[in-house]
Amino acid sequence: MKYMKLGTKPDIFYTEEAVRSVLSDVPTDIIIHVNSTKYLLHKFPLLLKCGLLQRLCSDADDDSDQPIPIALHDVPGGEEAFELCAKFCYGITINLSAHNFAQAISAARFLRMTESVAKGNVIVKLESFFDSWILQGWKDPIVTLQSVGKLSGWLDNPRIVQPCMDAIIEKILAEPSKVTWSYTYTRPGYSKKDRHSVPKDWWTEDVSELELDLFRSIISTVRVTKKLPPALIGEALHVYACKHLPDPMETQGLLAQSSTARTEETLAKGKRVLESIVSMIPSERGSVSGRFLLRLLKIANHVGASSSTKAELVRRSGRQLDEAMPGDLLIPLPSNPQEYDVGIVEAVLENFLIQLRRPIPPEENGRMLGSMARVATIFDSYLQVIAQDTDFPVSKFCDLAEFLPEMARQEHDGLYRAIDTYLKEHPDLSKAERKRLCQMINCQKLSPAARSHAIGNDRLPLRTIVQLLFVEQERAGGAGSNHGVPPVRSSNEVSAARVTQDDGRRPRQGSDEGLQHRGEPVQGRRVKSVEMRRMGRSTSESRMTRKEKERAVEKGEGSGSKIRLNQ
């Protein structure tokens with residue numbers, strides 16, 4: 001940071017009873033009111049360098065022996081800026097930097113402290129300091145713009161704003177190898193001492209400190225040059241959003257404690273920042289991450305962004321849904337942060353599925369299949385969270401689960417875990433509702449660990465368990481040997497093993513004791529899978545057709561009985 005010192009005399013200003021005065025044997029002859037502060041000063045040093053005060057004093061009545069009162073309530077920078085100029089007139093030492101430059105030069109221009117009034121006046125000195133030092137640095141023009149933002153009517157001050165912006169843009173577009181000035185870069189894991197090269201996004205943190213309109217002007221100008229890749233522009237937007245758009249879940253409690261006016265002001269500011277950021281995102285895919293887009297969508301729901309902003313975020317989030325994490329889809333409802341907006345997630349998923357309906361080149365098939373598999377994993381993990389809502393209707397859960405096409409799920413372990421979670425959290429479901437849920441599971445697409453867990457899961461309907469046993473038997477028979485797979489019991493023995501005691505006499509087996517929603521065996525109490533013995537089967541039983549077995553199962557389901565596990 002560059003500094004400039006003007007004047008040589010010690011500070012003789014002092015305050016007494018809210019009045020600022022100067023230590024002097026000469027009586028004061030001018031009173032200047034600046035907002036709530038009254039200054040008792042002398043005409044002689046002030047009028048020598050202030051053209052405005054010369055005119056105001058000449059218009060006043062000089063016949064009176066009383067000090068001339070003058071009101072300067074509209075001086076830019078207020079009391080602090082006026083006092084800097086007054087001290088310059090008295091020859092008192094003042095220190096100037098980027099922090100107070102804008103206030104000082106704005107007040108000096110207001111007071112008309114030009115060369116035509118006095119040679120070597122303060123304006124020419126400030127302009128020289130601005131051109132030779134402030135504009136040559138990196139942080140100095142940024143700090144100057146920050147201080148300009150505090151002045152009323154700062155946008156009408158192009159002699160300060162535009163040169164600072166030009167200096168900033170010029171340095172942003174410089175080759176990273178030529179960056180020799182100090183900058184802020186506090187990313188985790190990055191150490192300037194251990195690196196010889198400058199990161200390409202070295203400038204993003206410092207620029208994110210600027211007011212929104214200034215930041216938007218700089219980003220727009222940089223984009224027009226097309227000298228920076230879209231991903232770098234996206235990174236700058238990401239840094240700005242992280243600084244100025246806090247997570248809705250973190251601010252919910254704070255807003256609840258604030259007044260209504262304060263809450264509306266906070267939401268309005270967040271809405272303005274969000275919509276500006278969305279409008280600046282480069283159109284190229286991958287310029288920002290899918291997770292960032294979903295975070296913006298979550299904030300858009302929270303601050304009440306426009307429908308066009310939400311639609312744009314939904315569209316772009318859907319295109320990059322495969323980059324998300326399950327938690328990114330948990331978007332709270334604006335009316336009730338304790339509930340999640342399922343409809344907006346369906347819209348995001350729909351925009352992802354649109355890509356599948358478009359003709360794609362053969363070389364893109366592999367990438368799309370991989371994207372679908374990742375989205376299926378993400379979506380099924382999301383369903384597990386939704387399933388924990390005890391008030392979530394079963395029909396709505398089924399519709400949500402079926403929203404993802406069958407071809408997208410290469411395996412059904414995640415779907416099974418979600419359904420098992422729903423069954424556990426909704427123990428009062430009817431038989432038809434449990435059947436509707438489990439019909440979505442493709443037993444052929446379950447892993448061996450998931451099948452083993454499901455066979456011992458008495459939350460599942462009997463039909464589903466028998467279908468799993470058929471798959472287990474086919475896999476074992478196809479392999480030609482057991483290969484470690486436990487033998488399977490016949491369907492007659494399965495029917496004989498149905499539950500005959502009250503469920504309350506023993507704890508349920510399920511997701512919390514078996515698969516643990518990770519496909520891993522539980523340490524401790526183990527659940528034995530229902531087996532079908534292969535030795536000693538009768539000839540008539542081995543010849544039973546699949547259709548006959550299914551009829552037997554349907555008959556068993558009609559009795560309302562459940563599978564009882566051998567302990």
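All heavy atoms count here, side chains included; hydrogens, waters and symmetry mates do not. Here the structure is a predicted model, which means the values were calculated and not measured.
A salt bridge links Glu205 and Arg187; the closest N-O separation between the charged side-chain nitrogens and carboxylate oxygens is under 4.0 Å. In this structure, Glu402 pairs ionically with Arg436, as a charged nitrogen and a carboxylate oxygen lie closer than 4.0 Å. Remark: Glu211 engages Arg272 in a salt bridge, criterion side-chain N to carboxylate O under 4.0 Å. Between Asp420 and Arg459 there is a salt bridge, since a side-chain N of the basic residue sits under 4.0 Å from a carboxylate O of the acidic one.
Judged as a side-chain contact (heavy atoms from CB on, under 4.5 Å), and not counting sequence neighbours, the contacts of Asn365 are Ile360, Pro362. Looking at residues two or more places apart in sequence or on another chain, you find no salt bridge (Lys or Arg N to Asp or Glu O under 4.0 Å) involving Glu275. Evaluation of the ring pair (Phe, Tyr, Trp, His ring centres under 6.0 Å) rule for Phe397 yields Tyr422 as partners, not counting sequence neighbours. Evaluation of the salt bridge (Lys or Arg N to Asp or Glu O under 4.0 Å) rule for Arg367 yields Glu364 as partners, not counting sequence neighbours. Listed by chain and residue number, nothing satisfies the side-chain contact (heavy atoms from CB on, under 4.5 Å) test with Pro359 (two or more places apart in sequence, or in another chain). For Lys227, there are no salt bridge (Lys or Arg N to Asp or Glu O under 4.0 Å) partners two or more places apart in sequence or in a different chain. With sequence neighbours excluded, the residues forming a ring pair (Phe, Tyr, Trp, His ring centres under 6.0 Å) with Phe215 are Tyr240, listed by chain and number. With sequence neighbours excluded, the residues forming a side-chain contact (heavy atoms from CB on, under 4.5 Å) with Pro393 are Ser395, Lys396, listed by chain and number. Residues that satisfy the salt bridge (Lys or Arg N to Asp or Glu O under 4.0 Å) test with Glu411, not counting sequence neighbours, are absent from this structure. Qualifying side-chain contact (heavy atoms from CB on, under 4.5 Å) partners for Asn442, counting only residues two or more places apart in sequence or in other chains: Glu406, His412, Gln444, Lys445.
Under the side-chain hydrogen bond (donor to acceptor under 3.5 Å, both in side chains) criterion, the residue pairs touching residues 341-360 are Asn301-Asp341, Glu350-Arg357, with sequence neighbours excluded.
Annotation: the span from Gln467 atom CD to Leu446 atom CG amounts to 11.0 Å, rounded to 0.5 Å.
Annotation for Met165 and Ser217: closest pair CE-CB, 3.2 Å, computed over non-hydrogen atoms.
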Are Tyr416 and His453 close enough, and set up right, to give a ring-ring contact (aromatic ring centres under 6.0 Å, His included), and what steps lead you there? CA-CA 10 Å; Tyr416 165 67; His453 179 273; 5.6 Å; yes
Should Trp202 and Tyr185 be marked as a ring-ring contact (aromatic ring centres under 6.0 Å, His included) after you check the CA-CA gap, both sets of side-chain angles, and the distance that decides it? CA-CA 6 Å; Trp202 62 266; Tyr185 199 81; 9.4 Å; no
With a 3.5 Å cut-off and sequence neighbours excluded, list the donor-acceptor pairs that the side chains of residues 311-324 form with protein atoms.
unit_1 : atom_1 : unit_2 : atom_2 : d
Glu312 : OE1    : Arg315 : NE     : 3.4
Glu312 : OE1    : Arg315 : NH2    : 3.3
Glu312 : OE2    : Arg315 : NH2    : 2.9
Arg316 : NH1    : Pro282 : O      : 3.0
Arg316 : NH2    : Pro282 : O      : 2.8
Ser317 : OG     : Leu313 : O      : 2.6
Gln320 : NE2    : Val288 : O      : 2.9
Gln320 : NE2    : Glu323 : OE1    : 3.2
Gln320 : NE2    : Glu323 : OE2    : 3.3
Asp322 : OD2    : Ser371 : OG     : 3.2
Asp322 : OD2    : Arg374 : NH2    : 3.2
Glu323 : OE1    : Gly290 : N      : 2.7

